[in-house]
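First comes the structure, then the notes that go with it.
Atoms within a ligand are numbered from 1 in the order they appear, just like the ligands themselves. Everything numeric here is computed off the predicted structure, so don't read it as measured data.
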Amino acid sequence: MLELTDMQVIRALTKRYDFSFSKGLGQNFLIDPEVCPAIAEYGIPAKECGVLEIGTGFGVLTQQLALRSEQVVAVELDRRLKPVLTETLADFSNIRVVWQDIMKVPLQDFLQEQFGTREVAVCANLPYYITSPILMHLLESGAKLQSITVMVQKEAAERLCAEIGTREAGAITAAVRLRGHAEQLFEVPRESFYPSPKVDSAVIRITPYETPLCPENALQQVLKTVKAGFGQRRKTAVNALSAGLSLPKEQVTAALADCGLTANVRFEQLDLETLLRLSRTLFN
Ligand code: SAM
């Protein structure tokens with residue numbers, strides 16, 4: 001197995017295949033020998049569990065996933081990596097690379113086609129320019145996922161794993177938390193990547209709930225409420241919600257009062273349970 005955390009190997013591959021790293025595609029590859037095994041250990045619950053990887057790069061994480069799972073399917077957008085991966089993944093017969101934009105993959109059907117009835121977990125060092133869209137694509141796809149273990153920018157990790165009701169939380173925090181439990185696993189310094197990015201990173205794991213918190217239509221209403229509330233977070237909840245949801249202030253004030261909240265409360269102070277209750281009151 002080619003040692004893809006060795007800079008001499010990386011340089012040799014880069015030269016052999018005339019490969020240049022694309023900033024636009026978020027190509028910062030892992031070169032710290034401890035990080036990929038750790039992501040794979042945290043992300044793969046059992047050998048029988050299949051793994052969907054997003055973005056192979058030279059295959060440094062893909063190799064570690066394939067050592068711990070019977071079946072790995074990796075979706076990669078940059079076809080220039082084809083000859084590189086032919087060499088770096090040559091030792092593995094349990095990896096399939098699909099050359100596509102992950103955002104254009106209809107996930108539910110795709111996972112069914114690739115994995116059949118096998119359980120599936122997602123593991124990836126995400127391209128940072130589309131972290132949130134990819135996470136929402138995964139969570140909203142309707143596909144059943146065991147867990148989503150991904151490297152993201154440190155600030156994104158803090159936001160994604162923040163407690164709802166604290167200043168660190170935002171619309172994306174709530175959108176994730178409505179569908180699963182999010183936790184930060186470990187931090188990864190910028191020097192662990194080549195080329196080294198300007199920011200540090202962290203690995204997080206999202207475990208989707210077995211039973212949804214509420215039915216899908218109620219979930220959509222909470223998401224609308226959250227979008228309106230966090231859209232203008234400097235305003236009071238009354239002003240933010242009445243503007244964002246086009247509702248009379250009196251109606252919003254009454255809904256807040258029903259939930260035991262005063263008119264000058266700020267949206268970011270509301271915890272998850274209150275958000276669910278408030279949205280029910282507002283929309284019913
Ligand atoms: N897994 C490798 C590693 O850890 O070294 C590479 C990670 S790199 C941060 C992100 C990878 O995602 C790149 O290989 C990039 O080409 C790929 N990528 C970027 N946008 C993508 C998209 N929309 N769909 C699939 N892959 C994408």
Side-chain angles (χ1 to χ4, degrees), residues 1-7 9-11 13-14 17 19-44 51-69 72-89 92 95-107 110-111 114 121-138 141 148-154 156-157 185-186 188-204:
M1 189 172 95
L2 256 184
E3 186 42 80
L4 294 171
T5 54
D6 180 337
M7 273 313 294
V9 174
I10 303 273
R11 284 203 191 93
L13 286 169
T14 310
Y17 296 103
F19 184 83
S20 54
F21 293 86
S22 159
K23 244 188 178 175
L25 288 178
Q27 289 180 342
N28 302 98
F29 297 171
L30 275 162
I31 50 162
D32 180 330
E34 288 179 11
V35 175
C36 292
I39 296 176
E41 288 290 330
Y42 275 112
I44 305 174
V51 179
L52 171 68
E53 186 191 12
I54 298 159
T56 58
F58 282 180
V60 66
L61 175 60
T62 325
Q63 290 180 338
Q64 296 300 323
L65 300 174
L67 290 173
R68 291 169 181 80
S69 162
V72 177
V73 175
V75 176
E76 170 59 58
L77 177 60
D78 188 354
R79 284 173 189 267
R80 295 178 306 147
L81 289 164
K82 226 173 187 172
V84 185
L85 292 182
T86 305
E87 178 175 345
T88 60
L89 303 181
F92 297 90
I95 301 173
R96 172 145 194 239
V97 182
V98 177
W99 300 95
Q100 269 238 48
D101 177 346
I102 188 67
M103 297 304 294
K104 296 196 178 134
V105 174
L107 281 166
F110 179 75
L111 296 186
Q114 299 290 334
V122 174
C123 288
N125 170 16
L126 288 180
Y128 292 167
Y129 74 104
I130 42 168
T131 299
S132 298
I134 291 179
L135 289 177
M136 293 324 295
H137 184 46
L138 293 170
S141 65
I148 300 167
T149 307
V150 285
M151 176 91 69
V152 299
Q153 278 188 19
K154 196 165 155 245
L185 299 175
F186 57 91
V188 181
R190 61 195 76 184
E191 301 79 41
S192 297
F193 301 82
Y194 183 81
S196 178
K198 289 200 175 69
V199 290
D200 294 319
S201 297
V203 175
I204 64 163

Tell me whether Thr131 contacts the main-chain N or O of Tyr128 through its side chain, where contact means a donor paired with an acceptor under 3.5 Å. yes
Checking the side chain of Thr14 only, and the main-chain atoms of Ile10 only, is there a donor and an acceptor separated by less than 3.5 Å?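 At least one qualifying donor-acceptor pair exists.
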Pull out every atom of ligand 1 sitting under 4.0 Å from any heavy atom of [X], numbered as shown with elements.
| X | result |
| --- | --- |
| Gln100 | 24 (N), 25 (C) |
| Ile130 | 23 (N) |
| Gly26 | 8 (S), 9 (C), 10 (C) |
| Gln27 | 13 (C), 15 (C), 16 (O) |
| Val75 | 25 (C), 26 (N) |
| Glu53 | 1 (N) |

Starting from [atom], which protein heavy atom do you reach first, and at what distance in Å?
| atom | result |
| --- | --- |
| atom 5 (O) of ligand 1 | Leu30 N, 2.9 Å |
| atom 12 (O) of ligand 1 | Gly55 CA, 3.2 Å |
| atom 20 (N) of ligand 1 | Tyr129 OH, 2.8 Å |
| atom 19 (C) of ligand 1 | Leu25 O, 3.3 Å |
| atom 24 (N) of ligand 1 | Ile102 N, 3.0 Å |
| atom 4 (O) of ligand 1 | Asn125 ND2, 2.8 Å |
| atom 18 (N) of ligand 1 | Pro127 CG, 3.8 Å |
| atom 14 (O) of ligand 1 | Glu76 OE1, 2.8 Å |

Would you check if there is a donor-acceptor pair between the side chains of Thr62 and Glu53 at a distance under 3.5 Å?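 Side chains of Glu53 and Thr62: pair found under 3.5 Å.
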Can a donor-acceptor pair be found between the side chains of Glu3 and Thr5 at a distance below 3.5 Å?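 Their side chains do contain a donor-acceptor pair, which is all the 3.5 Å distance test asks for.
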Given the ring of Phe19, does Arg80 sit roughly above its face, with NZ or CZ under 6.0 Å from the centre of the six-membered ring and within 45° of the axis?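 Yes, a cation-pi geometry holds between Arg80 and Phe19.
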Using a plain distance cutoff, I'd like to know if [X] has any nitrogen or oxygen under 3.5 Å from a nitrogen or oxygen of ligand 1.
| X | result |
| --- | --- |
| Asp101 | yes |
| Phe29 | no |
| Leu61 | no |

Measure the distances from the heavy atoms of Met151 to every atom of ligand 1 and state whether one is below 4.0 angstrom.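 Outside the 4.0 Å threshold, so no.
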Are the side chains of Ile95 and Thr56 in touch, meaning some heavy atoms are under 4.5 Å apart?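 Side chain of Ile95 against side chain of Thr56, heavy atoms only: no contact under 4.5 Å found.
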For the residue pair Phe110 and Gln100, establish whether any side-chain heavy-atom pair is separated by less than 4.5 Å.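 In short, these two side chains do not touch, never coming nearer than 4.5 Å.
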If I take atom [atom1] from residue [X] and atom [atom2] from residue [Y], how far apart are they, to the nearest 0.5 angstrom?
| X | Y | atom1 | atom2 | answer |
| --- | --- | --- | --- | --- |
| Glu76 | Lys82 | CD | NZ | 11.5 Å |
| Asn125 | Leu30 | CG | CG | 4.5 Å |
| Thr86 | Tyr17 | OG1 | OH | 7.0 Å |

Could you label the plane-to-plane angle of the Phe29 and Phe21 rings as parallel, tilted or perpendicular, counting under 30° as parallel and over 60° as perpendicular? perpendicular
Distance-minimising heavy-atom pair for Ala202 and Ala157: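 Closest heavy-atom pair between Ala202 and Ala157: CB-CB, 3.7 Å.
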My understanding is that we take every heavy atom of each candidate and find the minimum distance to atom 2 (C) of ligand 1. Doing that for Thr56, Leu77, Leu81, Val60, which one comes out nearest?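 The nearest heavy atom belongs to Thr56.
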Side chain, backbone, both or neither: which applies to Leu126 and ligand 1 if a contact is any heavy-atom pair less than 4.0 Å apart?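 Backbone only; the side chain of Leu126 stays clear of ligand 1.
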